[in-house]
Amino acid sequence: MAFELEKVVPWGRNMDEYRKMFSLTDDDLDRRIVSFGDGPASFNVEMTQKGKQVISVDPIYRFSAEEIVQRIEETKSVIMKQVKANAADFIWKQIRSPEELEAIRINAMGSFISDFEKGKAEGRYVDHALPGKTGFDENEFEVGISSHFLLLYAQLGLAFHISAIKEMLRVANEVRIFPVLDLDARESVLLKPVMDYFGADFNVQLQEVIYEFQQGGNKMLTIKKAI
Ligand SMILES: C[S@@+](CC[C@H](N)C(=O)[O-])C[C@H]1O[C@@H](n2cnc3c(N)ncnc32)[C@H](O)[C@@H]1O
């Protein structure tokens, strides 16, 4: 099935948020990281500016910078309207207001856009849709992360998520997923079945992190190979 830009609502987070969402230590930042569903986040560009390496994977990367900018323009006011209408579902502490949220997101996506074509040419932005097999080697990465994609889009079904996480675990020694909520900000119905499924062969843990923007959204799922 073709991946359509019209179905994507681009909304990118920054490196400070990634560090908090995934409890990334200074040592972690020196590890080989792959980020799935990375979209228009500025994690990759900020990491690159600091001399660190990360590869971002997302089917949105098949589109041009202009097309992605246009989609951001089409959707941002709709998202902001929803955020304001549901302001009570968020914790306005680290991010203090809807206006600050919009500024942070626009800034992150602007940084991504200005780096996109260069990063694509350098192989840092890879066009690929999970759960399809990537071109990466087994254990090519030490850490595989997914922010606001896996578990969140519960409507894609358990089989999709299990296959996607299996591919992440093929290419990375450990996988971290944040948040463990669904689009209605309730615990994802997939969380328990995913933990049970991978718990048979992997070290699976639910860990509290210091990032909390959605009410109750301060947990990350980690799945590690026993090595
Ligand atoms: C809500 S955005 C999150 C962006 C970024 N990770 C962040 O937190 O700022 C979800 C991303 O998942 C991507 N996505 C959707 N389907 C995907 C798939 N099958 N494989 C990989 N990424 C996918 C979308 O293109 C979008 O960029």
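Sequential numbering from 1 along the given sequence is applied to the chain's residues. Just so it is clear, the structure is predicted and the values come from calculations on it, not from any experiment. Computation of the quantities below employed the complete heavy-atom set of this structure, encompassing side-chain atoms and omitting hydrogens, waters and symmetry-equivalent molecules.
Scored by the ring-ring contact (aromatic ring centres under 6.0 Å, His included) test, F63 finds no partners at all (sequence neighbours excluded). The side chain to side chain donor-acceptor pair (under 3.5 Å) test applied to K118 returns E122, not counting sequence neighbours. The side-chain contact (heavy atoms from CB on, under 4.5 Å) check on Y197 picks up I162, K166, with sequence neighbours excluded. Contacts of E102 classified as side-chain contact (heavy atoms from CB on, under 4.5 Å), with partners at least two apart in sequence or in another chain: K76, M80, I106. With sequence neighbours excluded, no residue satisfies salt bridge (charged side-chain N to carboxylate O under 4.0 Å, His left out) with E140. Here D201 pairs with nothing under the salt bridge (charged side-chain N to carboxylate O under 4.0 Å, His left out) rule; sequence neighbours left out. Scored by the ring-ring contact (aromatic ring centres under 6.0 Å, His included) test, F213 finds F90, W92 as partners (sequence neighbours excluded). In this view, N14 satisfies the side chain to side chain donor-acceptor pair (under 3.5 Å) rule with no residue, not counting sequence neighbours.
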Working note: M220 + M21, criterion side-chain contact (heavy atoms from CB on, under 4.5 Å); need CA distance, chi angles, decisive distance, verdict.
CA-CA 7 Å; M220 137 178 104; M21 291 188 292; over 6 Å; no

Evaluation steps, side-chain contact (heavy atoms from CB on, under 4.5 Å), between K84 and E99
CA-CA 10 Å; K84 285 175 185 161; E99 291 70 29; 3.9 Å; yes

For I165 and L150: C-alpha separation, side-chain torsions, deciding distance, then whether side-chain contact (heavy atoms from CB on, under 4.5 Å) applies.
CA-CA 8 Å; I165 296 168; L150 290 173; 4.0 Å; yes

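Taking every heavy atom of both residues into account, S23 and D28 meet most closely at O-OD2, 3.5 Å. Taking all atoms of both residues into account, the shortest heavy-atom contact from R32 to N139 is NH2-O, 3.8 Å. Shown here for D182 and A154, the closest heavy-atom pair between the two residues is CB-CB, 4.4 Å. In terms of heavy-atom proximity, A172 sits nearest to V143 at CB-C, 4.0 Å. Residues I177 and V175 share a closest heavy-atom pair of CG1-CG1, 3.9 Å.
Between the side chain of S188 and the backbone N or O of L151, at least one donor-acceptor pair lies under 3.5 Å. A distance-only check finds a donor-acceptor pair linking the side chain of N86 to the backbone of Q82 [under 3.5 Å]. Checked by atom type and distance alone, the side chain of R19 pairs as donor or acceptor with a backbone atom of L24 at under 3.5 Å. A donor-acceptor pair under 3.5 Å is absent between the side-chain atoms of R13 and the main chain of R105, judged by distance alone. Using modelled atom types, one side-chain atom of E167 and one backbone atom of T134 make a donor-acceptor pair closer than 3.5 Å. Between the side chain of E6 and the backbone N or O of R71 there is no donor-acceptor pair closer than 3.5 Å.
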Show which side-chain atoms of residues 35-45 pair as donor or acceptor with protein atoms under 3.5 Å away, not counting sequence neighbours.
from, atom 1, to, atom 2, distance (Å)
S35, OG, D38, OD1, 2.6
D38, OD1, Y18, OH, 2.6
D38, OD2, S56, OG, 2.7
S42, OG, E46, OE2, 2.7
N44, OD1, T48, OG1, 3.1
N44, OD1, R124, NH1, 2.8
N44, ND2, V54, O, 3.2
N44, ND2, S56, OG, 2.9
N44, ND2, R124, O, 3.0

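Here the side chains of T222 and V204 are not in contact, with every heavy-atom distance at 4.5 Å or above. Under the 4.5 Å side-chain criterion, counting only non-hydrogen atoms from C-beta, I33 is not in contact with F141. Considering only heavy atoms from C-beta on, V34 stays 4.5 Å or farther from M168 through its side chain.
Among pairs with a residue in residues 51-61, those fulfilling salt bridge (Lys or Arg N to Asp or Glu O under 4.0 Å) read D30-K52, at least two apart in sequence or across chains. Residue pairs meeting the ring pair (Phe, Tyr, Trp, His ring centres under 6.0 Å) criterion with at least one partner in residues 147-167, sequence neighbours excluded, are H148-F178. Applying the side-chain hydrogen bond (donor to acceptor under 3.5 Å, both in side chains) test to every pair with at least one member in residues 203-216, sequence neighbours left out, gives these pairs: E17-Y211, Q205-Q207.
We find that R170 and E138 are not joined by a salt bridge, their nearest charged nitrogen and carboxylate oxygen being 4.0 Å or further apart. A salt bridge is defined here as a Lys NZ or Arg NE, NH1 or NH2 lying under 4.0 Å from an Asp or Glu carboxylate O, and K20 with D16 meets this definition. A salt bridge links E174 with R31: the distance from a Lys NZ or Arg NE/NH1/NH2 to an Asp or Glu carboxylate oxygen falls below 4.0 Å.
In the hydrophobic clustering of ILVMFWY residues, with side-chain heavy atoms under 4.5 Å counting as a link, V209 and V180 come out apart.
With rounding to the nearest 0.5 angstrom, the CG atom of L206 is 6.5 Å from the CG atom of L221.
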